[in-house]
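Take a look at the structure below.
Everything quoted here is computed from the prediction, not taken from an experiment.
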Amino acid sequence: MSSKTTSTRDQRLLIIDDDEMFCHVLSRALTRRGYEVSVAHDADQALTLAAAEMPTMATLDLKLEQSSGLKLLPGLLAASPKCRVVVLTGYSSIATAVEAIKLGAVNYLCKPADADDVLNAFERQEGDPDAEVADNPPSVNRITWEHIQKVLQEHDGNISATARALGMHRRTLQRKLQKRPVRR
């Protein structure tokens with residue numbers, strides 16, 4: 001096998017995201033950088049492409065329209081065992097970051113993320129002991145957001161069960177979940 005074939009094979013990337021515009025922009029940027037890119041907009045399409053193309057890298061949106069990226073992650077890694085996965089999300093929380101890593105993701109990025117951010121996430125294989133630790137604790141609103149995400153994860157994304165566990169009305173919870181995460 002020639003080094004060119006190996007190099008091309010090593011650069012096969014699968015983007016899994018239901019945001020078509022984001023996929024288009026990221027795919028174009030990565031293709032320009034020499035990557036062979038495929039795009040899937042849902043879990044079934046992602047698993048089919050992963051099994052057929054055996055990508056070595058994948059970006060996985062945490063919140064797909066019909067399912068959770070966390071639920072897709074084990075199947076994705078089973079379909080393409082050598083694939084390294086970076087989870088991307090606009091709804092970041094400590095609970096989902098921990099679960100993504102436990103399930104086999106190599107990194108976890110908050111959106112908006114560009115092609116350079118994604119490639120840097122794949123390159124970083126080890127933790128950084130010099131990572132900056134925040135001087136201020138998270139706000140009460142951020143802690144509330146994190147707690148809701150944790151309870152939602154414990155109830156497999158079931159809004160009604162999560163609302164019951166949190167002692168709040170289902171519609172109130174839905175409104176809170178539709179908002180962007182609170183910054184620290």
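- In the hydrophobic clustering (ILVMFWY side chains linked at under 4.5 Å, chained through shared members), Leu70 is joined by Leu14, Ile16, Leu47, Leu49, Leu60, Leu62, Leu64, Leu72, Leu73, Leu76, Leu77, Val85, Val87, Leu103, Tyr108.
- Taking the side chain as every heavy atom from C-beta outward, Leu166 and His147 approach each other to under 4.5 Å.
- Hydrophobic clustering, with ILVMFWY side chains joined whenever heavy atoms are under 4.5 angstrom apart, groups Met168 together with Leu152.
- Residue Leu173 holds its CG atom at 8.5 Å from NZ of Lys176, rounded to the nearest 0.5 Å.
- Contact detail for Thr96 and Ser93: the closest heavy-atom pair is OG1-OG, 3.0 Å.
- Residues Lys111 and Asp61 are paired through a salt bridge, judged by an N-O separation under 4.0 Å between the basic side chain and the carboxylate.
- Here CG of Asp18 is found 8.0 Å from SG of Cys23. Values are rounded to the nearest 0.5 Å.
- Considering OH of Tyr35 and CG of Leu119, their distance stands at 4.5 Å, rounded to 0.5 Å.
- Taken to the nearest 0.5 Å, the CD atom of Gln149 stands 6.0 Å off from the CG atom of Leu177.
- In terms of heavy atoms, Pro55 sits closest to Ala50 at CD-O, 3.5 Å.
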Kindly indicate, with the supporting measurements, whether the criterion side-chain contact (heavy atoms from CB on, under 4.5 Å) is fulfilled by Asp17 and His41.
CA-CA 5 Å; Asp17 201 304; His41 298 294; 5.8 Å; no

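- Between the Thr48 side chain and the Asp44 main chain, a donor and an acceptor come within less than 3.5 Å of each other.
- Put simply, the side chain of Asp117 gets close to the backbone of Asp114: a donor and an acceptor are under 3.5 Å apart.
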Walk me through it: do His24 and Glu20 pass the test side-chain contact (heavy atoms from CB on, under 4.5 Å)?
CA-CA 6 Å; His24 175 74; Glu20 292 186 25; over 6 Å; no

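- Taking a 6.0 Å sphere around CD of Glu65, one finds it holds 12 or fewer heavy atoms contributed by other residues, nucleotides or ligands.
- In this structure, the side chain of His169 engages the main chain of Arg171 through a donor-acceptor pair within 3.5 Å.
- Note: Arg170 CZ to Ser160 OG = 5.0 Å, rounded to the nearest 0.5 Å.
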Audit row: Ile15, Leu13, side-chain contact (heavy atoms from CB on, under 4.5 Å) steps and yes/no:
CA-CA 7 Å; Ile15 298 171; Leu13 195 140; 3.6 Å; yes

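- With salt bridges taken as basic N to acidic carboxylate O contacts below 4.0 Å, none links Asp19 and Lys63.
- Between atom CD of residue Glu36 and atom CE of residue Met57 there is a gap of 10.5 Å, rounded to the nearest 0.5 Å.
- What you find for Gln11 and Thr56 is that their closest heavy atoms are N-OG1, 4.1 Å.
- No more than 12 heavy atoms of other residues, nucleotides or ligands sit less than 6.0 Å from atom CZ of Arg28.
- Looking at Asn107, its side chain does come within 3.5 Å of a backbone N or O of Ala121 through a donor-acceptor pair.
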Is there a side-chain contact (heavy atoms from CB on, under 4.5 Å) between Met54 and Arg12 once you walk through the steps?
CA-CA 8 Å; Met54 302 300 282; Arg12 190 168 298 187; 5.6 Å; no

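- If you chain together hydrophobic residues whose side chains sit under 4.5 Å apart, Val37 and Val25 never meet in one group.
- Here the side chain of Arg84 pairs no donor or acceptor atom with the backbone of Ala58 at under 3.5 angstrom.
- Considering all non-hydrogen atoms of both residues, His155 and Val151 come closest at ND1-O, 2.9 Å.
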